[in-house]
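To start, the structure under review is shown below, and the notes come after it.
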Amino acid sequence: MNFEILNKTLSAKNIYECKNVQYLVRELIEFRDIDISLLNVVAGVDLSYKGDIGICVLVVFDFKTMDILEQVVTVSKVSFPYIPGFLAFREVPLIVDSINRLSVNVDLFIVDGQGVAHPRRAGIATHLGVILEKPTVGCAKSLLYGCYIDPLNELNATTDLVDPVTNEVIGKVIRTKVSTKPIFVSVGNYINLEKSVEIVKRLTFNGKYRIPLPTFIADKLSKEERKKVIL
DNA sequence: GCGACAG
DNA sequence: ATCTTGTCGC
């Protein structure tokens, strides 16, 4: 765990300080060609809100059998507002809190949001991956940054997500389910784009889900937990 | 100034 | 993310 970045993330108070943290995060990104056959445990994270109370749910799966191994719920007031480009400063505190209460070791995290498909390459998946020093994949339901051509309306059709400034490929747009909006996949940390795409395709089970199953389940549970929260 | 804008 | 009814399509 990179406590240096975590502490700076927790104490950043304005956009200027947040951007400086993101520049530090960017320098720590590592693209790795991981071996998917060695992946045993994956987790999905998602949050829902009731006013400024955040409900974070982390669900851990056995990657091979897709059995749920563990789940953690964290309910807490969030202190940072939602500002496009700075989602990590709002949600990472609750996510790290949830991870600290986990008893099993997780090999990879699927995060609801962008990874390097971000103007400073520091989307929430990347930010979290740098703090945890673990592989993370960014999987967002809509676009934050970049240019792309809509993929064909066919199962798992993909197109490149390109940075309009540098022309780098920063992610992939994938039609994980026919006749639905595509999703935006990008590297979080300690993985490369090819393996990220492969994992997301596996976790959407040939068009059964638009988003990865771990994310789908975490989303469902966080919405259920939200009903229990009193304002 | 104008438009774009994860959850 | 949340609010919020009916409705279109597989």
Side-chain angles (χ1 to χ4, degrees), chain A residues 9 15 18-19 21-22 25-26 44-58 73-96 98 109-130 136-148 153-155 161-165 170-189 196 200 204-212 214-231:
Chain A
T9 300
I15 298 299
C18 289
K19 281 189 179 178
V21 175
Q22 293 181 330
V25 165
R26 181 179 194 160
V45 212
D46 194 41
L47 285 84
S48 58
Y49 294 89
K50 193 135 180 174
D52 53 3
I53 300 295
I55 299 93
C56 176
V57 173
L58 185 60
V73 181
T74 303
V75 180
S76 175
K77 178 174 176 176
V78 291
S79 51
F80 205 91
Y82 169 65
I83 303 171
F86 301 91
L87 179 63
F89 296 88
R90 177 174 173 80
E91 304 194 334
V92 157
L94 279 197
I95 297 174
V96 169
S98 303
F109 292 86
I110 306 289
V111 182
D112 201 353
Q114 316 290 344
V116 298
H118 177 283
R120 291 169 294 282
R121 305 291 184 271
I124 186 167
T126 298
H127 201 132
L128 182 68
V130 162
T136 55
V137 171
C139 192
K141 296 181 290 299
S142 63
L143 176 73
L144 168 66
Y145 178 78
C147 302
Y148 69 97
N153 185 21
E154 295 172 359
L155 183 59
L161 180 58
V162 178
D163 184 317
V165 177
I170 54 178
K172 288 283 186 182
V173 186
I174 311 177
R175 185 90 58 189
T176 48
K177 186 179 170 76
V178 173
S179 298
T180 62
K181 288 174 44 177
I183 62 173
F184 302 79
V185 175
S186 58
V187 166
N189 196 24
S196 297
V200 168
T204 50
F205 300 91
N206 297 312
K208 186 161 189 221
Y209 300 93
R210 182 171 82 107
I211 59 179
T215 308
F216 184 84
I217 299 298
D219 176 74
K220 187 161 66 88
L221 293 178
S222 71
K223 280 171 180 163
E224 284 174 10
E225 290 296 322
R226 194 180 79 87
K227 297 175 188 169
K228 304 177 186 173
V229 177
I230 323 161
L231 276 180

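Chain naming here is simple, since letters A, B, ... match the order of the sequence lines and numbering starts at 1 in each.
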**Item:** Intra- and inter-strand pairs of DNA chain C in dot-bracket (Watson-Crick or G-U wobble, both distances under 3.5 Å; | for another strand)
**Value:** ..........
**Prompt:** Taking only residues at least two apart or on different chains, which pairs with a member in residues 115-128 of chain A satisfy side chain to side chain donor-acceptor pair (under 3.5 Å)?
**Reply:** A:T9-A:H127, A:Q22-A:R120, A:R121-A:D163, A:R121-A:E168
**Message:** Run the side-chain hydrogen bond (donor to acceptor under 3.5 Å, both in side chains) test against A:K228 and tell me which residues pass, sequence neighbours left out.
**Reply:** A:E225
**Request:** Go ahead and write out DNA chain B as dot-bracket, 5' to 3': ( ) for pairs within the strand, [ ] for ones crossing earlier pairs, | when the partner sits on another strand, dots for unpaired; Watson-Crick or G-U wobble, both distances under 3.5 Å.
**Result:** .......
Extract from the structure each pairing of a protein N or O with an N or O of nucleotides 3-7 of chain B at less than 3.5 Å, listing the distance.
residue: B:dA6; atom: OP2; partner: A:Y82; partner atom: OH; Å: 2.5
residue: B:dA6; atom: N7; partner: A:G85; partner atom: N; Å: 3.0
residue: B:dA6; atom: N6; partner: A:G85; partner atom: O; Å: 3.1
residue: B:dA6; atom: N6; partner: A:F86; partner atom: N; Å: 3.1
residue: B:dA6; atom: N6; partner: A:L87; partner atom: N; Å: 3.1
residue: B:dA6; atom: N1; partner: A:I124; partner atom: N; Å: 3.0
residue: B:dA6; atom: N3; partner: A:Q114; partner atom: N; Å: 3.1
residue: B:dG7; atom: OP1; partner: A:K141; partner atom: N; Å: 2.8
residue: B:dG7; atom: OP2; partner: A:S142; partner atom: OG; Å: 3.0

**Request:** Might you confirm whether atom CZ of A:F216 has over 12 heavy atoms from other residues, nucleotides or ligands at distances under 6.0 Å?
**Result:** no
**Request:** List for me each residue that meets side-chain hydrogen bond (donor to acceptor under 3.5 Å, both in side chains) alongside A:R26, sequence neighbours excluded, and say none if there are none.
**Result:** none
**Complete:** Sequence neighbours excluded, the answer for side-chain hydrogen bond (donor to acceptor under 3.5 Å, both in side chains) partners of A:R175 is A:D150
**Complete:** Taken to the nearest 0.5 Å, the spacing of A:S222 OG from A:I217 CD1 works out to 11.0 Å
**Listed partners of A:S142 passing side chain to side chain contact (heavy atoms under 4.5 Å, CB included), at least two apart** = none
**Asked** Which atom pair, heavy atoms only, marks the closest approach of A:S196 to A:V137?
**Response** OG-CG2, 3.9 Å
**Prompt:** How many angstroms lie between atom CD1 of A:I55 and atom NZ of A:K227, to the nearest 0.5 angstrom?
**Reply:** 12.0 Å
**Asked** Which residues within residues 223-231 of chain A lie with some heavy atom under 4.0 Å of an atom in DNA chain C?
**Response** A:K223, A:R226
**Asked** What pairs of residues pass the salt bridge (charged side-chain N to carboxylate O under 4.0 Å, His left out) test when at least one of them lies in residues 214-223 of chain A, not counting sequence neighbours?
**Response** A:D219-A:K223
**Item:** Euclidean distance, A:Y209 OH relative to A:T180 OG1, rounded to 0.5 Å
**Value:** 14.5 Å
**Partners passing side-chain hydrogen bond (donor to acceptor under 3.5 Å, both in side chains) against A:K141 (at least two apart in sequence or in another chain)** = A:D112
**Item:** Nearest-Å distance for atom pair CD1/C1', residues A:I53 and C:dA1
**Value:** 14 Å
**Message:** Working to the nearest 0.5 angstrom, can you tell me the gap between A:L144 CG and A:S186 OG?
**Reply:** 9.5 Å
**Prompt:** Between A:Y148 and A:F184, is the ring centre distance below 6.0 Å?
**Reply:** yes
Identify all pairs in which a protein N or O lies below 3.5 Å from an N or O of nucleotides 4-10 of chain C, and state each distance.
none

**Request:** First locate atom CG of A:L155, then atom CD1 of A:I174, and finally report the distance between them rounded to the nearest 0.5 Å.
**Result:** 10.5 Å
